[in-house]
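See below for the structure under consideration.
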Amino acid sequence: MVKTAAKTDSKTKSKKTTARDTVASAAEVPKPGYHWMNRSNQWDTRVKPGKHGLRLGDLNVGIYGEIPEQWQDQTRNPRGAIPRKGVPPLGYSIRDKADVWADSAADLYEEAIQRKWAPATDVPWGTVKPLSEPLERAICQVLTELCQYANCDVETISQWQHQMSYGYHEVKQYLATASFDAARMHEAFRKRALCNGGGLGLEGPGEVNRMILESRGGWSEAVTYLMLMRGTFTMTLLRYLEKFAYNDAEQSIYANALQAKARQMTYALEHLQYSIAHDEERKAIMATLLFIGDRIWEREMADHVLREALCIVFAGGLEKAPDQGYAIYQKMQRDFMRDYVGTCEWLGIKRDPAMLPEAMADYLEAS
Amino acid sequence: MAKFPSVVWFDAVRKVFNGDESYQGAGGGQCNCVAGMKVGNKIFILTFEGLECIDARDGKDKDLEEVDFYLDMPIADWRAMLKNIAENNRATRDCTLNTLDLDREDGLSTSRHGDQYREDLFFRYNQTFQFFFDASARVKTSY
């Protein structure tokens, strides 16, 4: 009967009859060979969950845990799988382990996945109450610039991610969470700016963002600018904003953002340490990068908008902003310089105060 | 009533902390580290594993060389922090661990090994530690 119907409409419904034909000719279905079933570099793998569950790092057993110093495969072949012949190369530019690796990447991925928060529901938005207009404007200005920082994180990580070889998947997976963390920060900062009668303020100068986004010397260079330099400052800033939060919502936002930035710092420090351990010259390269970066940093910090807004936030309003607020702002900058230079030295990168821009050297000396 | 500082007090806080699922979300969650608490001259070692604080014990000065980081304050400052938490059901912004770390000349969190990776656990798990001490609001405390 099916054949009859197909015959009747053969001219007008040739496409529709294809499926019917398939049914009709079921006997002609190619006989499966299942030859692929015997193809595995390592079969009978039985990773068991540990006391913290089945974690990404636990899977690094046997050949699946062999992470070469250089990843030769140019396709998306998962580490440990059998490569298929004829797959066109993707042109990954980052193929050396020293250019991406950090031993903690798998754990940081798990941590980021597990220690999650949802700004929509976890932030107690109801605690945000009307503030004086200057204070609300100052908070919104700071948040405007923090949104830009978060966006810079997302864009920078994303533009490097696809250049990283698939064999170092732990790093790629962690960085996916770092990008998501930044997106969530952007979300939370924007929500706070738009929920209390204020609105976004003036765009920041963006010179440091441009420096980070346009760094072309490799992922480690981007990490140096994005995480070591900007990341240390953002952490310091978030810590001060949490201390000077005006409601539980802000405190929650800054505290959660701080944890995410701390994960990013952990990755950055481990990666840079690993990178330096594999190529001593990288210390000198990083010192040069920081010498250049410091000058752009100083120029951006000279912008009065963020400084004035922070002084108002720290002082609780306009009245005490020029003295009390500014004193706290200076302490924040001193703390930043202490941590930034301290981290550089922990990595073995000597920072000569005489070679720092004047304002940075002053803050360092006073720290 | 548990007397601060003592293992009994930390155990009482552990019980509240471990039993409250709200501390496991909203920025809390799995936390794996060993943290020292230096309360004046007394030392306590807390072990966090997974979603819980699984152990609190007395420690010695040399134990501080082994922990990932430790919190160090004079006993009067610990009391002030805990009283603030008890009065407000959680730390107000002047008494959070973050604020105390910022306000103290040598910080609140420190280590003897100088390994920044381990020291930074204080920041990576900061909400968990804050939740832990906030849980003390539900422990009747004597000093």
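Per chain, numbering begins at 1; letters A, B, ... match sequence-line order. Fair warning: this is a prediction, and the values are worked out from it, not measured in the lab.
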Item checked: Contact origin within B:Leu121 toward chain A - heavy atom pairs under 4.5 Å ->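 For B:Leu121, neither part sits under 4.5 Å from chain A.
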
Check: More than 12 non-hydrogen atoms from neighbouring residues, nucleotides or ligands closer than 6.0 Å to CZ on A:Phe180, yes or no?
Finding: no

Next item on the list: For side-chain contact (heavy atoms from CB on, under 4.5 Å), just list the numbers for B:Arg124 and A:Glu111, CA-CA rounded to whole Å, side-chain angles, deciding distance to a tenth of an Å, and then say yes or no.
Entry: CA-CA 9 Å; B:Arg124 272 164 52 194; A:Glu111 191 174 304; 2.7 Å; yes

Checklist line | Exam field: side chain A:Gln114 to backbone B:Gly29, donor-acceptor pair closer than 3.5 Å | finding: no

Notebook entry, point to check: Under 3.5 Å, side chain of A:Trp117 to main-chain N/O of B:Gly28, donor-acceptor pair present?
Noted result: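 Here the side-chain-to-backbone pair does not exist.
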
Margin query: Does any backbone or side-chain atom of A:Ala245 lie under 4.5 Å from a heavy atom of chain B? Answer side chain, backbone, both or neither.
Written below: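 The answer is the backbone of A:Ala245.
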
Notebook entry, point to check: Which bit of A:Thr343 comes within less than 4.5 Å of chain B, counting heavy atoms only: side chain, backbone, both or neither?
Noted result: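 Looking at A:Thr343, backbone and side chain both touch chain B.
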
Notebook entry, point to check: Pick from A:Met265, A:Lys331, A:Gln251, A:Met235: which one has the most heavy-atom pairs with chain B under 4.5 Å?
Noted result: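 Heavy-atom pairs under 4.5 Å are most numerous for A:Gln251.
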
Check: Based on non-hydrogen pairs under 4.5 Å, which of A:Glu110, A:Met332, A:Arg263, A:Gln273 is most in contact with chain B?
Finding: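 Of the options given, most contacts go to A:Arg263.
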
Margin query: Quick one about B:Thr128 and A:Arg115 (side-chain donor to acceptor, distance below 3.5 Å, no hydrogens or angles considered), yes or no?
Written below: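 Indeed, the side chains of A:Arg115 and B:Thr128 share at least one donor-acceptor pair under 3.5 Å.
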
Notebook entry, point to check: Taking atom types as modelled and ignoring hydrogens, do the side chains of A:Gln259 and B:Asn126 form a donor-acceptor contact shorter than 3.5 angstrom?
Noted result: no

Next item on the list: Might you work through the side-chain contact (heavy atoms from CB on, under 4.5 Å) test for B:Phe123 and A:Lys261, ending with a clear yes or no?
Entry: CA-CA 9 Å; B:Phe123 297 110; A:Lys261 290 308 285 187; over 6 Å; no

Check: Salt bridge check: are B:Arg90 and A:Asp248 linked by an N-O gap of less than 4.0 Å?
Finding: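 Between A:Asp248 and B:Arg90 there is a salt bridge, with a charged N closer than 4.0 Å to a carboxylate O.
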
Notebook entry, point to check: Going by an N to O cut-off under 4.0 Å, is there a salt bridge joining A:Lys243 and B:Asp94?
Noted result: no

Next item on the list: Before giving the answer on salt bridge (Lys or Arg N to Asp or Glu O under 4.0 Å), spell out for B:Arg93 and A:Glu242 the whole-Å C-alpha distance, their side-chain angles and the decisive distance to 0.1 Å.
Entry: CA-CA 7 Å; B:Arg93 72 180 201 180; A:Glu242 194 212 345; over 6 Å; no

Margin query: Which residues pass the side chain to side chain donor-acceptor pair (under 3.5 Å) test with B:Tyr117, not counting sequence neighbours?
Written below: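 Expected list: none.
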
Check: ring pair (Phe, Tyr, Trp, His ring centres under 6.0 Å): which pairs involve residues 18-62 of chain B, sequence neighbours left out?
Finding: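 Matches after skipping sequence neighbours: B:Phe10-B:Phe44, B:Phe17-B:Tyr23, B:Tyr23-B:Phe131, B:Phe48-B:Phe129, B:Phe48-B:Phe132.
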
Item checked: B:Asp101 vs A:Arg239, side-chain contact (heavy atoms from CB on, under 4.5 Å): CA-CA, chis, key distance, verdict -> CA-CA 10 Å; B:Asp101 191 56; A:Arg239 295 190 66 198; 2.7 Å; yes

